[in-house]
Structures are given as structure tokens and as C-alpha cells.
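Note sheet for the following structure.
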Amino acid sequence: MSDNVTTTTGDLPTDFIRSIINDDQAAGAYDGRVVTRFPPEPNGYLHIGHAKSICLNFGVGEQYDGARCHMRFDDTNPTREDIEYVESILADVQWLGFDWGEHLYYASDYFEQLYRYAEQLILDGNAYVDGLTADEMREYRGTLTEPGRESPWRNRSTEENLDLFRRMRAGEFSDGDYVLRARIDMASPNLNMRDPVLYRIRHAEHHRTGDDWCIYPMYDYAHSLSDSIEGITHSLCTLEFEDHRPLYDWCQEALGIYRSRQIEFARLNLTHTVMSKRRLRQLVEEGHVNGWDDPRMPTISALRRRGYTPESIRDMCERVGVARRNTVTELALLEHCLREDLNRHAPRRMAVLHPLKVVITNYPEGESEEFQAINNPEDETMGTRGVPFSREIYIERDDFMEDPPRRFYRLSPGREVRLRYACLITCTDVVKDADGNVVEVHCTYDPDSRGGNAPDGRRVQGTIHWVSAAHAVPLEARLYDNLFTEADPAGSDADFLKLINHDSLEVVTALAEPALASANVGDRYQFERLGYFCADVDTKPGAPVFNRTTTLRDTWARISGRQQ
RNA sequence: UGGGGAUUAGUCUAGUGGUAAGACGCCUGACUCUGGAUCAGGUAUCACAGGUUCGAAUCCUGUAUCCCCAGCCA
């Protein structure tokens, strides 16, 4: 079997990139090594789009025998980068469950070597120092349809170039006075090859190298050489860098150094959110959300805070696959992965978001008892817990209708339903306020149905959740919905800010069973029949705050919506 | 009007000449002390037009549409 390569591949996904790697392995390319890298610039927070790249790069790094993935910061622009971002990025990658081992690198660690390579390019006649201003350079560059013109400084002597470049490094010039450019082809139809800038002067303090440097390498140059220095075999990046590949190759070729291969894939886009750094920053800075980790944001830190599990995010990335066409994945897929994970692992609790008082008129006043509730029907090892019950309880407002439509089988006058894990109750009376709003419901319970079933075997259609009024603990519940009303806000003709969903957050005081009072930050539960909730960092002792991570699938909502 | 990519169901993704696969979504139904979960079934002729072939999503030709590129950002 020719496709029997030496990998640890089980039923892992195959995609065009892994196919290429498999072929390389079969052909013995790169001495059988597989080395990838995840190379973020530390100038912002990681988002779900980055997760795809992380899963791909680290996934490949784990998949093949002896393979690895380097964590490398592309920190070549000191004016926008910060150590704060380095730390958050590292934490997010770790939280997602990936490990770079010893292989944590920074492009800034290579500055000296990158500089020496630049001198070599000058010596070989492959680079020159240009004195054109930024505006002039733009003019000389030409357009998409017209070739560029060569800079008057393009043919300086090697000695002069070397002298100028050394003086650039020495700090003799101001920002913008000079740049180092590759000498390639001003007539190239690929604009990236029209003598691209390799180094620019920036008198700025770098978060790692301080003021050691006042010249900084550009992305194309630094990235290509960093990959080469680290012996990266497959350099995986997104589609927009496709036009840069000739330059990526040129840098390594011109210097005669180790050759890495760049392969591009389509980035992840998700419906009902935006992914560009610019838009995310705008949402934060203009106060449309409460910071980078606002649970409505698509950042990793926000998803974590909202209650998403790393497993669900990785699962989604795997299911989406890797290909070369621009796509927008439905948020529903991520939600599905989340529900699948949490359904198996999250303990169940009862809480009422919008309480309606129910008095069980035939239950003795001042008394209470405890019913046993199953913590997770999907996993009996999670055991049971006691839930207190008494004469007055709260149920969800939506679970009562005085004049119910067809197919509504919850509580209404004369109707019997089951209180989950407790007993059967029948509605006998409705109490209204002066405006005709239902403020209280009276019921009787069947004492023989304790535990949830009637001995005569009669069935009820509905089972609803509840909490005992006397034992209920209040908690703040933050109910989130999509941040945007449209599937593709960035792709819309309208300004994306106009598509913000103004009902994306509803805060309510819920009433919950006592077991929820002691929740710790980060604890995840399923609130029965409502959704999955996660204790927020704002939780204080005795004052729990829960984020609704996602709702449960709601068949009734669909039916009732259709009936209207 | 330059160059580089892409085009398979509502959404992702597989298929690389032998008669369209999987997942999500949606629709039906079963079951159910979460209208949850679970289970069963349904849901496309492969952008279009020609051509080659016994046979094409797969090969050829042409057309259309969409995305990216003119930072001393990455």
C-alpha cells in the first residue's frame, strides 16, 4: 500500500493540506519531518477564526510521528504590539488544549540574524536602500494594470547601500527617511514583487527588544526567514497571502537558505458575528460591547467566559474542515458542538428565569419535603441531589397560559402537568391584578404522585421545572443572543454597526434551587429546559452571576412561532 | 482593462472517468419525568454552455459569478 505512511493518523480528518503532507511523507521529503507553526502578531486578542488555524497547525503537529508545531510571535511592528497580547494569546492557545512544548519563539529573537541576512542581500545585489518618500513610492509602484517605475536610487553601489543600511541601524536617520527594498521587478504583475520594502525605520520601543533597534523588518521578509530558521516544513496561512508566496519563496531562494513551503487555506467565518480585528476593536472602543471578553464577542476569551468548552470549539474546527474556498459557517454548527459536549457533561439544575408564583392549595402550610433529582440523565455516575419542595413554588411564566393554543401542553386552567422530579399538579384558579395580568396561579397536587408518577398510571403531556419559593436563591442571569441581526454583517451593504442586535443581552434575576448558590466561577450547568449556563467571573460569594451559554433546542418555540 | 484564487444541497465538507458521500440545518415520525437527549426516514445531479467518451462532478473549450492584491500593517 503506497498510502501507508508513517503517521499516527487514526480517523483524523483528511484535507488537501494533510494530503500534501502525506505525499511528502511518502516521498521522504524534508527527511520525513513535519514542522508547522502558529504565528500571531501580538496586537490583539485571538478569536474563533484563529482557533481554526490553531487546530490545523497544532493538529498537524500532533498527528505525525515526531511532528511538532511552533508557537511563534510575529512581533515585527513595535508600534502596535504589547506584552498584554502575548500573554492572552498564550493563555488562549493553552486553554484550547494545545502545547508548544519547548518551541516558543519570537521573530524579534531573530532580529540580529535577519539583519545579517539583509546585508547579504545587499552584497549580492538583491536589495538596496531607497530614499523615496512613502508617497513617492506609491506613485512609482504603478497600478494593478500599469507597471511600476524603478526608483532613481535602485542602482546605488553596493558600498553605498551597505553604508546607508548600517547607518539606518545606527539610528542616524528619522522614521521614513530610508527603507531597504528587495530588488526584484517593478514591472511584475504581482504588486508584491515590485521591489517590496524589507526594512523600515521606526524609532519605537519594542516590547521585547526595548530600544535595541530602530529598524524593523517587514512581515514578508521576517516571516519567510523565521520559517526557514526554524526549519518549518509546511507554513500554513490564509488565502490572502497567496499573492505573497512568490516573495516568500524569493527571500529564501535569494539567500540560499532552508526552504519551507507556504500553503494557503480559507479562513473561518461565522454567521451573526464579525471577525476582522478592525471591527472587533470598534465594537470594544465604541462601547457596543463591554470589552474584549464580553460574552457576545467571538474572541476566545469571550467564548470561554460565556461558557464554551475548548472541546466544542475544536470539534467545530474539525467538522468545518480545511479547504480553499471562502465560506461562512453557520453559528448553529458551533452551537451543536457545544450542546453535544455539555449534554454529556454538564450537571442539571432547576432555575426559573421569569417567575410566576404557584400556590398548591392542598399542600400543608409551613411544611416542606425533599425530592431526589438526577444530576445528569446521560451519566448516572453523576448521582442525584435533593431539591426542596413546599406549598408555594415558582414556575416559568411561559409554562402557563390561561388560554392556550393548540399543541400547548403545559399548565393552564383545569390542566394537569408534572413538576419535574416532584409531583403532578392541576390548575384550579388564576389570580389577576387590576390590569388583568396573571400574578398567581392556584393548583392542587396529587399526594400519591410524589416522585413524579401517579399510581393509577395516568399520563400527563407536560413536565415543567420549578423552584420552591421558600428555598429559592436569587441569581443574576445574563441571557445572550446573537450580536448581529444578520447572518453576514460584514458582507452586508449596510454599515455593520447598524445591524447590531439591540436585544443581544437581557439581564434577569432568576430564582434557583439552593444547590446553585455555591457555584464557582466557570462552573457549567444545564438549567433544565432552558439552556446551558456558566458562572461568570462577576460571581461573588452568595451572589451568583450566570451567563447563558446557549439555549436548548426549543421545538415548542418553533411550533408556536409557526402557528402565529 | 493586470495578476492570483474559487464555484458540489440552506450551510460546511468528501468524491480525481463508472453513475453524488458525511456533518450541521430544516421537514416527518417514534420514544420520552427536560416539547432536551436518542432513534428512524426525507431533503442536490455537482455555476452555465458546448465537446471528448459506452459512460463526466471528475478530461477539453468557452462563458458567468464571487473573493484577494496598489501599507514604510500582519
Side-chain angles (χ1 to χ4, degrees), chain A residues 13-15 39-41 43 74-77 79-81 130 132-134 137-139 141-148 175-181 188-194 196-202 216 218-220 222-223 237-246 264 266 268 271 277 316 318-337 339-340 343-344 348 350 373-374 377-378 407-410 417-422 424 451-453 459-465 487 526-531 551-560:
Chain A
T14 60
D15 49 63
E41 181 188 18
N43 72 338
D74 258 351
D75 54 349
T76 57
N77 186 352
T79 60
R80 348 196 289 173
E81 297 158 6
D130 198 349
L132 250 32
T133 65
M137 203 178 289
R138 192 173 311 121
E139 283 175 38
R141 187 155 33 230
T143 69
L144 293 177
T145 52
E146 303 156 24
D175 291 7
D177 285 354
Y178 290 102
V179 291
L180 182 74
R181 299 178 75 176
S188 171
N190 180 346
L191 299 245
N192 294 116
M193 300 299 273
R194 318 242 263 226
V197 172
L198 265 23
Y199 269 90
R200 77 286 216 187
I201 299 171
R202 275 263 205 291
Y216 292 93
M218 297 288 289
Y219 164 82
D220 289 297
H223 193 259
C237 63
T238 44
L239 253 27
E240 70 269 26
F241 291 104
E242 199 155 9
D243 290 340
H244 296 242
R245 191 170 63 225
E264 311 84 17
L268 174 75
T271 61
K277 245 171 216 176
M316 184 208 63
E318 199 168 294
R319 292 186 196 223
V320 163
V322 181
R324 286 176 65 83
R325 82 170 128 157
N326 284 310
T327 57
V328 184
T329 296
E330 287 178 343
L331 185 63
L333 180 62
L334 211 211
E335 292 177 336
H336 167 82
C337 294
R339 291 190 184 111
E340 190 173 83
N343 177 50
R344 278 197 294 267
R348 282 91 289 186
M350 286 198 286
I374 295 166
E378 307 292 322
R407 296 179 76 180
F408 179 87
Y409 42 87
R410 277 114 93 146
V417 299
R418 172 166 35 239
L419 295 178
R420 173 134 243 231
Y421 296 125
L424 303 181
N453 286 304
R459 335 246 331 172
V460 292
Q461 282 213 99
T463 296
I464 64 175
H465 59 99
Q526 182 196 102
F527 289 2
E528 295 230 12
R529 303 211 307 131
L530 296 173
T551 59
L552 254 30
R553 278 184 81 238
D554 191 348
T555 306
W556 168 242
R558 279 206 300 266
I559 294 170
S560 62

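We name chains A, B, ... by the order of the sequence lines, and we start the count at 1 in each one.
With Thr463(A) contributing its side chain and Arg418(A) its backbone, the two residues share no donor-acceptor pair below 3.5 Å. In this structure a side-chain-to-backbone donor-acceptor pair under 3.5 Å is present from Asn190(A) to Asp243(A). A distance-only check finds no donor-acceptor pair linking the side chain of Glu146(A) to the backbone of Gly142(A) [under 3.5 Å]. Between the Arg200(A) side chain and the Asp175(A) main chain, no donor and acceptor come within less than 3.5 Å of each other.
Checking C72(B), G2(B), U34(B) against the side-chain heavy atoms of Thr145(A) singles out G2(B) as nearest. Distances were taken from every side-chain heavy atom of Glu242(A) (C-beta onward) to each of G5(B), C72(B), G3(B); the shortest belongs to G5(B). Which of C12(B), C73(B), G36(B) sits closest to the side chain of Arg200(A) comes down to C73(B). Listed nucleotides: C12(B), A23(B), A74(B). Nearest to the side chain of Tyr219(A): A74(B). With G36(B), C68(B), A70(B) as the candidates, the nucleotide lying closest to the side chain of Glu240(A) is C68(B). In this structure, of G35(B), U34(B), G71(B), it is G71(B) that holds the atom nearest to the side chain of Arg141(A). The side chain of Met218(A) sits closest to A74(B) out of A74(B), G35(B), A23(B). You'll find that the side chain of Leu191(A) is closest to G2(B), out of G36(B), G35(B), G2(B). Taking the side chain of Ala323(A) as heavy atoms from C-beta on, and the options C69(B), U13(B), G35(B), the nearest nucleotide is U13(B). Checking U13(B), A70(B), G36(B) against the side-chain heavy atoms of Thr143(A) singles out A70(B) as nearest.
In terms of polar N and O atoms assigned as donor or acceptor, the side chain of Gln526(A) never comes within less than 3.5 Å of the base of G36(B) in a complementary pairing. Donor-acceptor pairing under 3.5 Å, judged by distance alone, is absent between the side chain of Asp554(A) and the base of G35(B). One can find a donor-acceptor pair under 3.5 Å joining the base of G35(B) and the side-chain atoms of Arg410(A). With hydrogens and angles left out, the side chain of Glu264(A) and the base of G4(B) share no donor-acceptor pair within 3.5 Å.
Protein atom CD of Glu146(A) is 14 Å distant from nucleotide atom C1' of G3(B), rounded to whole Å. Summarising the geometry, the separation between CE on Met193(A) and C1' on C69(B) is reported as 14 Å, rounded to the nearest angstrom. Rounded to an integer number of Å, the gap from Ile559(A) CD1 to G35(B) P is 11 Å. In this structure, Asp175(A) atom CG and C73(B) atom P are separated by 10 Å, rounded to whole Å. One can place CG of Leu333(A) at 10 Å from C1' of G25(B), the figure rounded to the nearest angstrom. For the pair Arg553(A) CZ and A37(B) P, the interatomic distance rounds to 5 Å; values are reported in whole Å. Here the P atom of nucleotide G25(B) and the CD atom of Glu335(A) are 9 Å apart, to the nearest Å.
An anti base is found at G10(B): its glycosidic angle is more than 90° from 0.
Residue ring and base: Trp556(A) counts as stacked with G35(B) (centre distance below 5.5 Å, interplanar angle below 30°).
Toward the 5′ end of RNA chain B lies the nearest nucleotide of Ala332(A), the other residue of the pair Val197(A) and Ala332(A) mapping further downstream. Each of Arg558(A) and Thr329(A) was assigned the nucleotide of RNA chain B with the nearest heavy atom; the assignment lying further toward the 5' end belongs to Thr329(A).
Residue contacts for Arg80(A): at a heavy-atom cut-off of 4.0 Å it reaches a base atom on one of the strands shown. In this structure, Asn77(A) reaches the sugar-phosphate backbone alone: every heavy-atom distance under 4.0 Å involves primed, P, OP1 or OP2 atoms, never a base.
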